[in-house]
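These values consider heavy atoms only, across backbone and side chains, with no hydrogens, waters or symmetry-generated copies. So that the names make sense, note that chain A is the first sequence line, chain B the second, and so on, each numbered from 1. Every value quoted in this text rests on a predicted model; they were computed, and no experiment measured them.
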Number of protein chains: 2
Amino acid sequence: MKISDRKTEIIAVAARLFKEKGYSAVTMRDIAQAMDIKAASLYNHIQSKQEILVLIIIEIAEEFTLVMNEIVSSNLSTLKKIERVIQLHITITLRNSDALACLNNDWMHLTDDQLSYFIKMREDYEQNFRKIIQEGIQNGQLKKSNQEVMVYAILSSLRTMYLWHSKSKGLDEKTLLKSITSLYFKGLEN
Amino acid sequence: MKISDRKTEIIAVAARLFKEKGYSAVTMRDIAQAMDIKAASLYNHIQSKQEILVLIIIEIAEEFTLVMNEIVSSNLSTLKKIERVIQLHITITLRNSDALACLNNDWMHLTDDQLSYFIKMREDYEQNFRKIIQEGIQNGQLKKSNQEVMVYAILSSLRTMYLWHSKSKGLDEKTLLKSITSLYFKGLEN
DNA sequence: CTATTAAACTAACAATTGTTAGTTTTAATT
DNA sequence: AATTAAAACTAACAATTGTTAGTTTAATAG
């Protein structure tokens, strides 16, 4: 079932507004005004405010899940796997930072099935990343430092890239990947 | 002017709720219920919902500003300065993670003077951290990698520590500091 | 005991919320 | 030109929002 152009437009506009003020602070009238129509007209295209949130978040969450599964079950080296995870975050951040911001800040406003579905995906994602780090420590490719700190310090940094990637100019996809991998792998110190 | 115990309590309860659902999604009735009183009773202690937000955010923002200024104008080595910044984030995260979450997610719901005051502090804070990194690159203590990536990758990771520090057990203040500094300074790679 | 103050209460307000019903306009197809 | 379908509109709804006014209870001080 193809999603109509107008619906896609609504989702994009909503994501942008949600990024700025958060899901709860954005009203249907806000979204409508940003599209130069009345709030009631939105309901010709979408079922509810909730549906917009779901469509924004779940699609991206599923993409993360899919690619992460591929990376984990590949036979790349640990460092290459981590580089692929970084690449994944960069790609999605550059393509759809609004939706990513929404996923990060508003996932708790999902309800029922969708909420537990999302939480499950997020837990699996973290568990997969933990597995990569763990393997790396065991096979000697990574330092024997605190595993959880490695996992979360890096993940939280990747997850909030949407907050700053556009602030510094001249940061194309390749430069970003090189700089970040260098930082995580070799650190700041000279 | 001393803040009454009851007012402090309201602020603490509100911060916890704001952390869970965000400022906009939490109602005065939610806060009241969490304190086993009625919403109207809150107004014996606070002036408005906005005031609660301001009190939560500004105090912490000022503390960050204050300590960061001390660090920048000290004559410590670059690495020691960075370690102090990490220490600062750890201290505040452990002491008041609710307020920190609120600062991170709900600062945009500040208004007028307070909003610009906050933004100014945040910009100064980033500029100060940037200065530390810059110095370090110039005096050879840090690698000559992309400065902005260093600044924001580390800052964003420190800022979201409240999301995970409690998840992994046995992470006391000292272990946390050692693990994080090791990760940022020397990286993952063995 | 009395007076005073702090802090709770009930009841209600005006504004805003997501959403629906019914209608008109616009665009596309026959 | 007539018909149909898509997408906008107006008007309104019930619920919820932050907040106020006025009142009662609980605690404290003289």
For the pair made of [atom1] in [X] and [atom2] in [N], what is the distance, rounded to whole Å?
X: B/Q50; N: D/dT17; atom1: CD; atom2: P; answer: 17 Å
X: B/L42; N: C/dA6; atom1: CG; atom2: P; answer: 18 Å
X: A/I52; N: C/dT17; atom1: CD1; atom2: C1'; answer: 14 Å
X: A/Y43; N: C/dA21; atom1: OH; atom2: P; answer: 13 Å
X: B/K49; N: C/dT16; atom1: NZ; atom2: P; answer: 15 Å
X: A/D36; N: D/dA8; atom1: CG; atom2: C1'; answer: 12 Å
X: A/D5; N: C/dA27; atom1: CG; atom2: P; answer: 16 Å
X: B/M28; N: C/dC9; atom1: CE; atom2: P; answer: 14 Å

If you compare every side-chain N and O of [X] against the phosphate oxygens of [N] (OP1, OP2), does one of them come in below 4.0 Å?
X: A/S41; N: D/dA7; result: no
X: B/K38; N: C/dC9; result: no
X: A/R29; N: C/dT19; result: no
X: B/H45; N: C/dA8; result: yes

5' precedence on DNA chain C between A/N44 and A/Y23 (nearest-nucleotide basis):
A/Y23

Per B/I37 side chain, nearest of listed nucleotides C/dC9, D/dG18, D/dC9
C/dC9

Quick note, A/A40 side chain, CB onward, closest among D/dA21, D/dG18, C/dA21 is C/dA21

Heavy-atom neighbours of B/K167 NZ exceed 12 at 6.0 Å
yes

Give a yes or no on this: more than 12 heavy atoms of other residues, nucleotides or ligands lie within 6.0 Å of atom CD of A/E59.
no

Test salt bridge (charged side-chain N to carboxylate O under 4.0 Å, His left out) on B/E83 and B/K80; report intermediate values, then the result.
CA-CA 5 Å; B/E83 192 182 319; B/K80 276 288 170 196; 3.7 Å; yes

Kindly indicate, with the supporting measurements, whether the criterion side-chain contact (heavy atoms from CB on, under 4.5 Å) is fulfilled by A/L176 and A/T93.
CA-CA 11 Å; A/L176 204 49; A/T93 300; over 6 Å; no

Go through the steps to decide whether B/S74 and B/K81 satisfy the test side chain to side chain donor-acceptor pair (under 3.5 Å), and finish with yes or no.
CA-CA 8 Å; B/S74 73; B/K81 281 180 185 168; 5.0 Å; no

